[in-house]
Amino acid sequence: MAIIVQKYGGTSIGTVDKISLVADKIIVEKNNGNDVVVVVSAMSGETDKLHNLAKIINPEVKGRELDVLISTGEQVTISLLALTLVEKGYDAISLTGSQAGIITNNVFNKARIESINNSVIKNYLNSGKIVVVAGFQGVTEHGDITTLGRGGSDTSAVAISVALDAKECQIFTDVDGVYTTDPRISPGAKKIDHITSEEMLELSSQGSKVLQPRAVEFAGKYDVGIRVLSTFEDGTGTLISKDNKQVMEKAIISGIAFNKDEAQLTIRGVPDQPGIASLILGPIAERNIDVDMIVQNVGEDGLANFTFTVPRNDYKEAKKSLLESAKNFSAKKVIGNDKIVKISMVGVGMRTHAGIASKMFSVLAENNINISMISTSEIKISIVTDENNLDTAVNVLHKAFDLDK
Ligand code: ADP
Ligand code: ASP
Ligand code: MG
């Protein structure tokens with residue numbers, strides 16, 4: 001008997017009617033003779049709603065108590081789905097992360113899964129039950145509830161697939177696969193049939209929220225295929241796997257991702273001397289703030305400008321830290337902008353093709369889009385620009401690089 005792991009995201013189970021539809025899809029797999037494990041998210045909007053409640057008490061809320069709160073959305077949906085399955089005449093059981101034996105480290109709000117005791121789920125499957133597991137959550141070895149970071153149900157599903165040695169992890173969502181860019185921004189976006197884990201990891205890390213980056217990383221590491229599928233339409237979706245001949249022969253650029261969750265900070269007129277970068281970024285790192293893009297340039301007066309991006313949530317705290325550093329080396333000015341977007345073109349084909357960056361910059365220039373930061377790697381080029389340029393930039397790049405063909 002094959003084990004099938006399916007994950008349903010928030011919009012797929014946003015109402016009791018949709019949960020009934022999902023239950024019917026699960027029942028088809030069960031009737032085909034498979035063992036079915038289902039991972040669910042909270043109903044759409046619920047996790048935000050819970051988080052916003054806590055933010056009324058403390059706008060910068062973090063830590064253990066936040067996880068106790070935001071993990072509850074998934075407890076609602078596991079129960080509703082299990083109840084629905086039972087009502088339809090099928091034996092089902094709901095399990096929280098803790099009940100399913102999902103052990104994480106103790107980094108609250110972005111915990112990492114350390115192990116899964118698969119015997120719990122296996123025993124229930126052996127007794128003929130459909131097992132419904134809460135995504136996004138786990139438990140520390142001391143029994144504290146943790147969550148895996150936003151979008152973390154994807155990672156729960158992949159981890160469970162690995163623990164059960166499932167052939168493929170099916171991620172059901174509100175689009176019918178991974179597209180060359182977010183289809184909600186670009187009507188010309190094209191569905192991709194196969195993509196390598198390497199490219200998908202880069203797309204999700206750069207902001208394509210269709211999959212949590214950690215889920216892709218996990219699947220790549222353990223060589224489990226992920227298939228992204230629509231809950232509402234039939235189709236073959238998108239397969240994400242290690243490598244694949246068809247993937248190797250495809251386009252230079254696989255897709256365009258964007259990230260609106262970052263903010264940019266600049267400290268101007270700092271002395272150009274060894275150690276200055278660490279003096280600026282050290283205090284930021286001590287506050288557990290991740291820095292993404294970094295640019296430093298030196299003016300004729302021997303003073304440097306230092307610009308970097310941080311998660312938008314951490315913008316205020318990072319600015320405070322920077323203002324303190326500014327005093328220490330009598331910098332001229334600190335300026336910040338939290339209305340930016342990072343746009344990235346991703347593709348393994350870029351490795352062997354020169355001129356992608358210059359084409360990208362000229363296309364943006366022709367459309368009057370000002371670039372404030374640039375960073376490149378072997379398989380991606382990212383630029384930062386004003387948030388208002390997002391739609392135009394993505395659409396002109398998508399067209400210029402023939403991604404709509
Ligand atoms: P779920 O609630 O099912 O986890 P998400 O909202 O997390 O769903 O992810 C699905 C969304 O990801 C889509 O609705 C789409 O707007 C967005 N998205 C961003 N980039 C892409 C892309 N390249 N391909 C497909 N969807 C994308
Ligand atoms: N409910 C969580 C979130 O909204 C986890 C998920 O949906 O994957 O981030
Ligand atoms: Mg998601």
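For the numbers below, each heavy atom of this structure counts, side chains included, while hydrogens, waters and symmetry mates do not.
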### Query
Is there a donor-acceptor pair under 3.5 Å between the side chain of K359 and the backbone N or O of A400?
yes
### Query
Would you find a donor on one side and an acceptor on the other, under 3.5 Å apart, between the side chain of S204 and the backbone of M200?
yes
### Message
So does G63 get a backbone contact from the side chain of N109, meaning a donor-acceptor N/O pair under 3.5 Å?
### Response
yes
### Query
Do L85 and V38 have side-chain heavy atoms sitting under 4.5 Å apart?
no
### Query
Salt bridge or not for D24 and K88, using N-O below 4.0 Å?
yes
### Query
Do the side-chain N and O atoms of D386 and N388 include a donor-acceptor pair separated by under 3.5 angstrom?
yes
### Task
For the residue pair E168 and L239, establish whether any side-chain heavy-atom pair is separated by less than 4.5 Å.
yes
### Message
Quick check: do T385 and V341 have side-chain heavy atoms less than 4.5 Å from each other?
### Response
yes
### Query
Under 4.5 Å between any side-chain heavy atoms of F308 and I284, yes or no?
yes
### Query
What is the minimum heavy-atom distance between I343 and A393, and which atoms define it?
CD1-CB, 3.5 Å
### Summary
Rounding to 0.5 Å, atoms OG1 (T77) and CD1 (I13) come to a distance of 4.0 Å
### Message
Would you say CD of E324 has more than 12 non-hydrogen atoms from neighbouring residues, nucleotides or ligands within 6.0 angstrom?
### Response
yes
### Task
Kindly compute the distance separating CD1 (I280) from OG1 (T307), expressed to the nearest 0.5 Å.
9.5 Å
### Message
For a quick test of reading the model, state the closest non-hydrogen atom pair linking V394 to I256 and the distance between them.
### Response
O-CD1, 4.0 Å
### Message
Quick check for you: to the nearest 0.5 Å, what is the distance between I276 atom CD1 and S325 atom OG?
### Response
9.0 Å
#### Entry: Closest contact, heavy atoms only, S161 versus V224
CB-CG1, 4.2 Å
### Task
Taking the side chain as every heavy atom from C-beta outward, state whether I70 and F136 have any atom pair closer than 4.5 Å.
yes
### Message
Testing the 3.5 Å rule here: is there a donor-acceptor pair between the side chains of T181 and S186?
### Response
no
### Query
Looking at I379 and V348, what are the two nearest heavy atoms and their distance?
CG2-CA, 3.7 Å
### Task
Output, in order, the C-alpha distance, side-chain angles, deciding distance and verdict of side-chain hydrogen bond (donor to acceptor under 3.5 Å, both in side chains) for Q206 and S344.
CA-CA 7 Å; Q206 298 309 323; S344 308; 3.3 Å; yes
### Query
Is the count of non-hydrogen atoms from other residues, nucleotides or ligands lying under 6.0 Å from N31 atom CG greater than 12?
yes
### Message
Atom CD of residue position Q75 - does it have more than 12 heavy atoms of other residues, nucleotides or ligands inside 6.0 Å?
### Response
no
## Note on the structure
Here the gap from Q99 atom CD to I121 atom CD1, rounded to the nearest 0.5 Å, amounts to 11.0 Å
### Query
For the side chain of R312 and the backbone of I340, is there at least one donor-acceptor N/O pair under 3.5 Å apart?
yes
### Query
Does CZ in F401 sit with more than 12 non-hydrogen atoms of other residues, nucleotides or ligands closer than 6.0 Å?
yes
### Query
Are the side chains of L81 and Y8 in touch, meaning some heavy atoms are under 4.5 Å apart?
no
### Task
Would you mind reporting whether L281 and I294 have side-chain heavy atoms less than 4.5 Å apart?
yes
### Message
Is a donor from one side chain sitting under 3.5 angstrom from an acceptor on the other, for T147 and D67?
### Response
yes
### Query
Within a radius of less than 6.0 Å around NZ of K55, do more than 12 heavy atoms belonging to other residues, nucleotides or ligands occur?
yes
## Note on the structure
Taken to the nearest 0.5 Å, the spacing of I113 CD1 from L148 CG works out to 5.0 Å
### Task
Give me the one residue out of T173, L211, V216 that meets side chain to side chain contact (heavy atoms under 4.5 Å, CB included) with D154.
L211
### Task
Quick one: pull up CD in E141 and CD1 in I103 and give me the separation to the nearest 0.5 Å.
8.5 Å
### Message
Other residues, nucleotides and ligands only: do more than 12 of their heavy atoms fall within 6.0 Å of NZ on K191?
### Response
yes
### Query
What closest approach, in Å, do S208 and A257 show between heavy atoms, and which atom pair accounts for it?
OG-CB, 3.3 Å
### Query
Would I102 and I160 count as a side-chain contact (heavy atoms from CB on, under 4.5 Å) if you check the C-alpha gap in whole Å, the side-chain angles of each, and the deciding distance to 0.1 Å?
CA-CA 9 Å; I102 301 175; I160 289 171; 4.1 Å; yes
#### Entry: Heavy-atom donor-acceptor pair, Q212 side chain to R150 backbone, under 3.5 Å
yes
## Note on the structure
Of all heavy-atom pairs linking S321 and R287, the shortest is CB-NE, 3.4 Å
### Query
Any side-chain heavy-atom pair from L397 and L364 closer than 4.5 angstrom?
yes
